[in-house]
Protein chains: 2
Amino acid sequence: MSQLNLPKGRRLTRQRQVILAELRKVHSHPNAFEVYELVKKKIPRISLGTVYRNLGFLKSHGHIQALSCDCCDCEHFDGQTDHNEHFTCKLCQRVYDLKGPLTKKICLGSQDGHQIDDYQVNLIGICHQCLKKKKSSLARKSGLTGKR
Amino acid sequence: MSQLNLPKGRRLTRQRQVILAELRKVHSHPNAFEVYELVKKKIPRISLGTVYRNLGFLKSHGHIQALSCDCCDCEHFDGQTDHNEHFTCKLCQRVYDLKGPLTKKICLGSQDGHQIDDYQVNLIGICHQCLKKKKSSLARKSGLTGKR
DNA sequence: CTAGGTGCAAATCATTTGCCGGGGC
DNA sequence: GCCCCGGCAAATGATTTGCACCTAG
């Protein structure tokens with residue numbers, strides 16, 4: 001794992017290492033409880049409070065970022081901090097990173113007199129997996145009943 | 001107020017009318033409790049539970065929209081449903097609507113194989129009011145102490 | 001009469017916090 | 001020795017829900 005620069009006196013404890021490693025490993029964007037479950041496999045006695053505390057710690061030092069989607073009631077975390085653009089499926093509620101250059105036109109600087117330091121884009125729709133499912137179920141249905 | 005089309009049997013009660021009217025009137029993006037306080041001036045005996053219920057109702061029928069910013073722990077509401085682009089000040093935590101055309105390059109359609117129906121953009125930074133305050137306090141400070 | 005709506009209070013759920021013992025430097 | 005840290009459990013705060021009554025159609 002890359003060496004992180006931490007303020008003097010603060011340590012990258014085993015708990016923090018594991019949380020960070022798990023977040024960097026997975027491509028889903030787990031919420032705090034899911035992180036807790038992942039980390040518990042490595043550190044069975046870790047507590048949920050510690051996970052919350054350390055997610056906050058890692059976030060405040062810029063090592064991870066939090067995503068708030070409005071489809072669910074809790075915060076999701078991303079081990080990468082350079083992903084500002086996400087896609088949320090309104091059917092399965094999975095959160096994807098966007099790969100395409102679609103939103104690259106947004107530039108930091110100023111806007112309406114405000115100083116823009118950062119941005120988050122969230123696209124909402126139906127993901128390719130759910131689209132596939134939907135199509136095949138439609139095809140099945142029309143195949144059975146036909147057009148009358 | 002414009003007539004809303006509601007599913008059969010559902011009514012636009014006085015409580016809902018007032019909530020909607022207040023949300024359309026204000027330009028801040030109040031959270032549920034702030035809506036409650038606004039509405040209580042008109043309907044003193046309304047309960048917070050009713051406000052939540054009706055915000056959910058209005059949202060699910062597309063008359064208002066919810067914004068989740070990550071700077072605070074609660075949901076904010078917008079009486080307009082065509083505002084997808086917001087700016088959050090990280091100092092005062094106010095939420096502004098964006099007027100400029102900055103993010104217009106985002107287009108609905110498809111992206112990475114997903115079907116995009118909607119989007120939300122949130123820019124984060126320091127708003128013009130806070131910038132002004134910051135500048136004048138800096139000026140004051142350097143004026144008093146000078147450069148040494 | 002029936003379904004939908006409301007006020008109220010209790011419940012729920014995510015997240016935060018206080019406390020205390022333990023370990024690193 | 002001091003400070004940071006983690007586990008645990010209790011507290012907090014936003015939101016939801018169950019219930020009993022009310023009202024429009």
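Numbered from 1 within each chain, the chains take letters A, B, ... in sequence-line order.
Between Pro30(A) and Leu23(A), the shortest heavy-atom contact is CG-CD2, 3.8 Å. For the residue pair His63(A) and Arg24(A), the shortest heavy atom distance occurs at O-NH2, 3.6 Å. Among all heavy-atom pairs drawn from Ile64(A) and Leu55(A), the shortest one is CD1-O, 3.6 Å.
Checked by atom type and distance alone, the side chain of Arg16(B) never pairs as donor or acceptor with a backbone atom of Asn54(B) at under 3.5 Å. Using modelled atom types, one side-chain atom of His76(A) and one backbone atom of His29(A) make a donor-acceptor pair closer than 3.5 Å. With hydrogens and angles disregarded, no donor-acceptor distance shorter than 3.5 Å links the side chain of Gln15(B) to the backbone of Val51(B).
Taking atom CG of residue Leu48(B) and atom P of nucleotide dA11(C), one finds them 17 Å apart after rounding to whole Å. For the pair Tyr36(A) OH and dA14(C) P, the interatomic distance rounds to 13 Å; values are reported in whole Å. Leu55(A) has its CG atom 13 Å from the C1' atom of dT16(C), to the nearest Å. When rounded to the nearest whole Å, the span between CD1 of Ile46(B) and C1' of dG5(C) equals 11 Å. Residue Lys8(B) contributes atom NZ, which lies 12 Å from atom C1' of dT2(C) at whole-angstrom precision. Rounded to whole Å, the distance from CG on Leu12(B) to C1' on dT6(C) is 15 Å. Atom CZ of Arg16(B) and atom C1' of dG5(C) are 7 Å apart (whole Å). Rounded to whole Å, the distance from CD on Glu75(A) to C1' on dT16(C) is 13 Å.
The phosphate of dC8(C) has OP1 or OP2 within less than 4.0 Å of a side-chain N or O from Arg45(B). Taking 4.0 angstrom as the limit, Ser47(B) places none of its side-chain polar atoms (N or O) nearer than this to OP1 or OP2 of dT6(C).
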Under 3.5 Å between N/O atoms: give me all the protein pairs with nucleotides 18-25 of chain C, atom names plus distance.
{"from": "dG18(C)", "atom 1": "O6", "to": "Arg53(A)", "atom 2": "NH1", "distance (Å)": "3.3"}

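No contact: Asn31(B) has no heavy atom under 4.0 Å from any strand. At a threshold of 4.0 angstrom between heavy atoms, the contacts of Thr50(A) include nucleobase atoms, whether or not backbone atoms are also involved.
Mapping Gly49(B) and Gly9(B) onto DNA chain C by nearest heavy atom places Gly9(B) closer to the 5' end of the strand. Residue whose closest nucleotide on DNA chain D sits further toward the 5' end, between Phe33(B) and Val51(A): Val51(A).
In summary, contact between chain B and DNA chain D, defined as any nucleotide atom under 4.0 Å from a heavy atom of the protein, begins and ends at dA14(D) to dA24(D) in the 5' to 3' direction.
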Please evaluate residues Phe57(A) and Arg53(A) with respect to the criterion side chain to side chain contact (heavy atoms under 4.5 Å, CB included), reporting the C-alpha separation (whole Å), side-chain torsions for both, the decisive distance (0.1 Å), and the verdict.
CA-CA 6 Å; Phe57(A) 174 86; Arg53(A) 243 186 309 236; over 6 Å; no

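Of the candidates Gln17(B), Lys42(B), Lys41(B), Lys42(B) is the only one forming a side chain to side chain donor-acceptor pair (under 3.5 Å) with Glu22(B).
Atom NE2 of His27(B) is surrounded by 12 or fewer heavy atoms from other residues, nucleotides or ligands within 6.0 Å.
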